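Here the structure is a predicted model, which means the values were calculated and not measured.
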Amino acid sequence: MLLDKRYSQQGVIEDFRYSYQECQTWFEKISKSLTEIDENQTMNSDERLEKLQENVNDFEENKDQPSAIEEKSKFVLQEIGDMDQQQVNEQTKSVQRRMKDLKKRIDRKKQIIEMAQTGYKNTKKEIEDTESWFKAKYVEVQALSSSTAITDKLSECKSKVKEVESKLMVIESLETKIDTISSDLEASEYEELKQKLTILIEEQKKVSVFAKSTLKTLVESSDYQKKFENDFGEVQNWLKIKTNEFMKGSEYDPLKATNMEKKVARLKKDLTEITEYEESKISQVKLGIISLKKNGDSKMKAKIDQHSSEIDSSLKSLKDHIKNRISDLEEKLELQREFEIEFQKCVSWLDQAETILSTEVRGTINIAILDEHHYKFEKLKRDEEDNRKRVTEVFEKANKIMEKLTDADRISLQTQMDDVCDKQNHVADTVNAKINNLVKNIEVYKMTAQKIENSVNHLTEIQRQIRLLNKPIGYRVEDAEDVLEAYGKILNNLKSFKSQMEDLQKTAGTNVNELKALLVQQEELISAIENQM
């Protein structure tokens with residue numbers, strides 16, 4: 001009985017010792033495993049966490065050992081002495097304490113590894129996300145570089161350059177973060193993050209350089225496109241100004257042939273200027289059109305084609321107008337020259353005619369001179385009729401010319417033609433009046449000459465009668481009275497004849513000198529008769 005009790009006590013004590021020893025062995029094992037997790041440099045955080053999880057599972061499986069040992073210690077304490085009880089209690093408390101310490105160590109280790117793993121994964125993910133962002137930005141910038149909407153994309157590219165540059169702060173932050181968690185990271189993880197960070201830095205540089213290059217290209221393209229638009233606007237404006245100048249200048253024709261020649265020379269100079277402008281400025285714009293069409297989309301090409309068509313159309317229209325105007329003026333120039341020559345002939349003839357008409361026909365000239373003047377004026381009248389035909393033809397040409405003259409030139413030409421017409425009519429009227437007057441004078445002259453001839457005959461008869469009376473007178477009174485009476489009759493006849501001559505002198509024309517001579521003879525004869533009487 002006593003022996004059974006001893007065996008029973010020994011069994012309880014051995015069971016406690018075994019459990020305690022087994023627990024100690026487990027403590028050593030798990031502690032060694034935890035230490036191995038700390039010291040093994042080949043494991044990464046995932047492997048450490050996995051290994052730690054095995055320890056956690058092991059801990060969970062054995063976490064009730066302190067309670068079991070405590071229960072077993074209760075039975076042991078009943079069987080042993082005070083000194084042994086103290087040792088058992090210490091051992092039981094030691095197991096509980098170590099279990100708590102182990103729990104804390106595992107929790108802390110798990111927390112550290114999880115924090116390190118979280119820091120590693122978050123950092124890695126942030127690096128990868130940033131790298132993905134750079135790659136996405138590269139694609140976006142690449143899309144901008146091939147875009148034709150330069151003006152719209154320029155500000156967007158500037159914004160992307162700033163975004164890429166601002167990511168340097170993110171990289172610096174990641175670098176600081178890696179350095180901060182480096183003590184909690186495995187060497188392989190640290191090296192991996194550092195390598196990824198280096199790649200990220202290179203990616204940032206790559207995207208930054210590409211974005212800046214694209215921005216520079218866009219700026220240059222924008223400047224080129226602006227320059228093209230400015231050049232196109234300048235060409236368009238130049239052609240418009242030239243066209244307006246031409247239209248204003250082509251509305252009317254010059255009045256003078258010399259001005260028309262100057263106009264033709266100026267138009268040819270303008271045509272040369274346009275050709276030179278086409279070979280210089282317009283050629284540059286067309287090169288710009290070719291360059292923009294190579295890199296432009298369909299919308300841009302359509303716009304460029306429209307610009308090109310506008311330039312070609314405006315240029316061709318302007319050159320054709322000028323060429324046609326030159327041809328038109330050159331054709332009209334011959335007509336204008338003929339008109340001016342014929343017009344000048346008319347004016348010159350009228351001036352000569354007026355000079356002829358201004359010559360006075362004096363009454364002292366003889367019938368031959370009167371006949372000569374009459375012939376001259378008759379010829380002048382025929383010339384006037386010829387000149388009138390010429391004036392009529394000039395008028396017809398003037399009417400054609402007037403259609404394209406300015407109001408001022410039309411009034412000027414009309415005034416000149418009116419002057420010519422007035423002079424022509426004046427010459428015609430004057431010539432007719434001169435001829436009529438000459439005809440009248442010639443008739444008067446002839447009539448007067450006949451009367452003078454009759455008068456001379458009459459005067460000769462009187463002189464004959466006087467000579468008959470000029471003989472000795474008889475002694476009778478009757479003889480003297482007869483002679484005196486005969487002289488009286490002759491004297492009365494002579495005075496009556498003189499009165500007739502004086503009346504004839506008043507109406508005499510160019511032969512008035514002959515009448516004067518005749519009157520002088522009559523005076524002398526009257527005086528002689530009176531003396532004789």
Side-chain angles (χ1 to χ4, degrees), residues 251-266 328-446 509-513:
E251 186 176 356
Y252 302 105
D253 290 341
L255 177 60
K256 300 292 184 181
T258 52
N259 293 338
M260 196 171 286
E261 289 171 355
K262 291 178 182 178
K263 180 71 173 178
V264 170
R266 188 162 56 250
D328 179 57
L329 288 177
E330 286 177 341
E331 289 177 2
K332 291 179 177 178
L333 184 57
E334 191 62 33
L335 175 64
Q336 186 71 25
R337 287 172 179 158
E338 291 176 1
F339 166 76
E340 290 182 6
I341 291 171
E342 293 300 316
F343 179 80
Q344 190 57 44
K345 285 181 180 179
C346 294
V347 172
S348 298
W349 185 89
L350 288 170
D351 290 340
Q352 292 174 4
E354 287 182 337
T355 301
I356 294 171
L357 292 174
S358 64
T359 303
E360 293 184 4
V361 181
R362 292 177 295 177
T364 58
I365 59 178
N366 56 35
I367 188 67
I369 295 174
L370 287 176
D371 286 337
E372 181 184 346
H373 278 289
H374 182 253
Y375 173 78
K376 182 173 65 175
F377 286 124
E378 284 290 347
K379 182 178 182 301
L380 188 62
K381 182 177 182 180
R382 291 193 298 272
D383 291 343
E384 184 273 333
E385 291 173 353
D386 292 338
N387 195 65
R388 183 175 293 276
K389 292 178 182 179
R390 187 183 298 116
V391 169
T392 303
E393 292 174 356
V394 168
F395 261 73
E396 291 175 357
K397 292 179 180 178
N399 289 331
K400 293 180 181 178
I401 293 172
M402 281 187 185
E403 294 175 359
K404 286 284 287 181
L405 295 180
T406 63
D407 291 341
D409 287 342
R410 190 181 295 113
I411 292 171
S412 175
L413 181 58
Q414 187 63 54
T415 301
Q416 293 178 45
M417 297 309 299
D418 290 343
D419 289 343
V420 168
C421 186
D422 291 343
K423 284 183 178 182
Q424 184 73 32
N425 292 332
H426 173 70
V427 167
D429 293 342
T430 305
V431 166
N432 289 329
K434 289 278 186 181
I435 291 173
N436 292 334
N437 188 49
L438 281 170
V439 169
K440 180 180 177 182
N441 285 340
I442 289 171
E443 289 176 353
V444 170
Y445 185 95
K446 288 179 178 180
T510 57
N511 45 8
V512 67
N513 291 331

One should read off an interatomic distance between Asp386 CG and Lys381 NZ, to the nearest 0.5 angstrom, of 13.0 Å
**Q.** Arg390/Glu342 ion pair, N-O < 4.0 Å
**A.** yes
Distance col, row Thr415:OG1 vs Asp422:CG, nearest 0.5 angstrom, shows 10.5 Å
Sorted by chain and residue number, the salt bridge (charged side-chain N to carboxylate O under 4.0 Å, His left out) partners of Arg382 (sequence neighbours excluded) come out as none
side-chain hydrogen bond (donor to acceptor under 3.5 Å, both in side chains) filter on Glu396, not counting sequence neighbours, yields none
Glu261 meets the salt bridge (charged side-chain N to carboxylate O under 4.0 Å, His left out) criterion, sequence neighbours left out, with Arg337
Sorted by chain and residue number, the side chain to side chain contact (heavy atoms under 4.5 Å, CB included) partners of Asn425 (sequence neighbours excluded) come out as Arg388, Cys421
Hits for salt bridge (charged side-chain N to carboxylate O under 4.0 Å, His left out) against Lys262, two or more places apart or cross-chain, chain-then-number order -> none
Name each donor-acceptor pair under 3.5 Å that joins a side chain in residues 344-356 to protein atoms two or more places apart or in another chain, with its distance.
unit_1: Gln344; atom_1: NE2; unit_2: Ser348; atom_2: OG; d: 3.4
unit_1: Ser348; atom_1: OG; unit_2: Gln344; atom_2: O; d: 2.8
unit_1: Thr355; atom_1: OG1; unit_2: Asp351; atom_2: O; d: 2.9

